[in-house]
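Report on the structure given below.
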Amino acid sequence: MNKGFVDRLAKAGLDLTPQQLDLFEGYRALIKEWNEKIDITAITEDREVDNKHFIDSLSVFRQIQVPSHARVMDMGSGGGFPGIPMKIVDLSLEMTLVDSLKKRVDFLQEVVDRLGLEGVRCIHARAEDFLHDPGERESFDLVVSRAVAPLPTLLEYCLPGVKIKGQFIAMKGPGGREEVYQADRAIQVLGGRLKEVDSFTWTEEGYQRSLVVIEKVKESPKKYPRGQGKARKSPL
């Protein structure tokens, strides 16, 4: 057991089981192993991985009591953040990890297989394709994203996946509250309602984080998300 990780968790008010700690140790080892082959993350030192990836991902639980067996999607999952840490802490979650880069999806599948995580799908797709599938659209209780994109763009990629009365959490830096003002039209057009912006200091390093919580109150218009990069080039 990595005492440094346990101490860092305690400073964030988190207490994990030995099984959960073992899964995080295995996850960290796979990040290091794969990072030598492909670019998973520029952050490789144990303390930074713990703080900036694992513990940061778990900050989602500050804002939401995720129901047992909830259907959750991590859009633009990258190295699996926040979806895999969330899954490790609550194995009941039906987790879908979506990323547009095949190599990263291969890594995610390897993590899922090696850690023996059940109820996880690793999907190689773009949001504008995946969320026009009738079986996926507006089917998730919770959608989360730590992807680096302006909030109006991120909303278009994520909110069409959230079911009515479900929620979307955008993990933002200290400027999250300002981004909400720029995203007011996108929230309304896509059927959302701002529930809360939770700004806080997290981890022993004093990492600045804002969680933007959007509740889904009506269906998203069928044309969203738009293809051909329009969500980025011409955001709502």
Side-chain angles (χ1 to χ4, degrees), residues 2 5 8-9 12 14 16 20-21 23-35 38-64 66 70 72-91 93-115 117 119-125 127 130 140 142-149 151 154 157-158 161 167-174 176 198 200 202-205 207-213:
N2 184 324
F5 184 37
R8 285 188 269 280
L9 287 163
L14 298 167
L16 302 186
Q20 291 167 336
L21 291 170
L23 289 171
F24 274 112
E25 295 293 340
Y27 188 12
R28 190 194 297 107
L30 284 167
I31 290 171
K32 289 182 176 180
E33 178 185 326
W34 274 69
N35 223 37
I38 67 171
D39 182 21
I40 300 296
T41 174
I43 298 167
T44 55
E45 195 267 322
D46 283 3
R47 175 178 167 174
E48 288 201 320
V49 170
D50 291 349
N51 283 324
K52 294 185 177 179
H53 287 327
F54 296 166
I55 296 173
D56 182 51
S57 293
L58 298 179
S59 69
V60 167
F61 291 116
R62 284 172 51 94
Q63 261 313 312
I64 190 165
V66 185
V72 181
M73 175 172 65
D74 176 7
M75 178 59 78
S77 188
F81 315 115
I84 289 179
M86 290 176 68
K87 175 69 178 181
I88 289 173
V89 168
D90 185 352
L91 293 174
L93 297 179
E94 293 297 321
M95 182 66 68
T96 298
L97 309 172
V98 181
D99 200 89
S100 62
L101 191 64
K102 180 66 164 60
K103 289 179 182 178
R104 283 199 293 256
V105 175
D106 290 343
F107 164 72
L108 295 173
Q109 190 63 59
E110 174 88 349
V111 171
V112 169
D113 292 344
R114 292 270 288 272
L115 298 187
L117 298 175
V120 182
R121 296 186 300 161
C122 303
I123 306 292
H124 174 224
F130 185 65
F140 294 92
L142 175 66
V143 175
V144 292
S145 185
R146 207 179 70 152
V148 180
L151 189 55
L154 207 52
Y157 286 152
C158 295
Q167 295 185 81
F168 166 56
I169 297 182
M171 303 183 71
K172 288 291 182 178
D198 180 21
F200 54 94
W202 193 236
T203 80
E204 62 188 352
E205 295 182 350
Y207 192 56
Q208 297 294 309
R209 173 61 78 196
S210 294
L211 300 180
V212 179
V213 185

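Count residues from 1 along the sequence. Quick caveat: nothing in here was measured; it's all calculated off a predicted structure.
Side-chain contact between F81 and M171: absent, with no pair of heavy atoms (C-beta onward) separated by less than 4.5 Å. I123 is not listed as a side-chain neighbour of V105, based on a closest heavy-atom distance of 4.5 Å or more. Contact of the V111 side chain with the I84 side chain is registered, since non-hydrogen atoms from C-beta on lie closer than 4.5 Å. The shortest distance between side-chain heavy atoms of L58 and P82 does not fall below 4.5 Å. The closest side-chain heavy-atom distance from Q109 to R104 is not below 4.5 Å. Taking 4.5 Å as the limit, every side-chain heavy atom of L91 sits out of range of all side-chain heavy atoms of L93. Using a 4.5 Å heavy-atom threshold, the side chains of F200 and S210 count as separate. Two residues are said to be in side-chain contact when any heavy atoms from C-beta on lie closer than 4.5 Å; M75 and R146 fail this criterion.
Here the CD1 atom belonging to I169 is positioned 11.5 Å from the OG atom belonging to S145, to the nearest 0.5 angstrom. For the atom pair NZ (K32) and CD1 (I40), the distance works out to 14.5 Å, reported to the nearest 0.5 Å. Atom CG in L115 sits 6.0 Å away from atom CG in L30 (nearest 0.5 Å). To the nearest 0.5 angstrom, R28 atom CZ is 4.5 Å from D46 atom CG. Remark: I38 CD1 to D106 CG distance equals 7.5 Å, nearest 0.5 Å. To the nearest 0.5 Å, the span separating CD1 on I55 from CZ on R209 amounts to 13.0 Å.
Side chain to side chain, R121 and T96 meet the donor-acceptor criterion of an N or O pair below 3.5 Å.
Checked against a 6.0 Å centroid threshold, the rings of F54 and Y27 count as neighbours. In this structure, W202 has its ring center no closer than 6.0 Å to that of Y207. Aromatic ring centroids of F130 and Y157 lie 6.0 Å or more apart.
At a threshold of 4.0 Å, the pair E94-K87 does not count as salt-bridged, since none of the basic side-chain nitrogens sits closer than that to a carboxylate oxygen.
Among all heavy-atom pairs drawn from C158 and V143, the shortest one is CB-CG1, 3.8 Å. When all heavy atoms of A170 and L151 are compared, the closest pair comes out as CB-CD1, 3.7 Å. Residue E25 comes nearest to F5 through the heavy atom pair OE2-CD2, 4.2 Å, listed as atom of the first residue, atom of the second, then distance. Contact record, M73 with G161: CE-CA, 4.5 Å, taken as the closest heavy-atom pair.
Put simply, the side chain of H124 gets close to the backbone of S100: a donor and an acceptor are under 3.5 Å apart. Side-chain atoms of D99 come within 3.5 Å of backbone N or O of G78 as a donor-acceptor pair. When atom types are taken as modelled, the side chain of S77 and the backbone of D74 share no donor-acceptor pair closer than 3.5 angstrom. Between the S57 side chain and the P85 main chain, no donor and acceptor come within less than 3.5 Å of each other. A donor-acceptor pair is defined here as one N or O able to donate and one able to accept, closer than 3.5 Å; no such pair exists between the side chain of D56 and the backbone of N51. Judged by distance alone, the side chain of Q167 and the main-chain N or O of L142 form no donor-acceptor pair under 3.5 Å.
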Trace of the side chain to side chain contact (heavy atoms under 4.5 Å, CB included) decision for L21 with F24: CA-CA 5 Å; L21 291 170; F24 274 112; 5.6 Å; no
Verdict with reasoning, M95 to L117, per side chain to side chain contact (heavy atoms under 4.5 Å, CB included): CA-CA 10 Å; M95 182 66 68; L117 298 175; over 6 Å; no
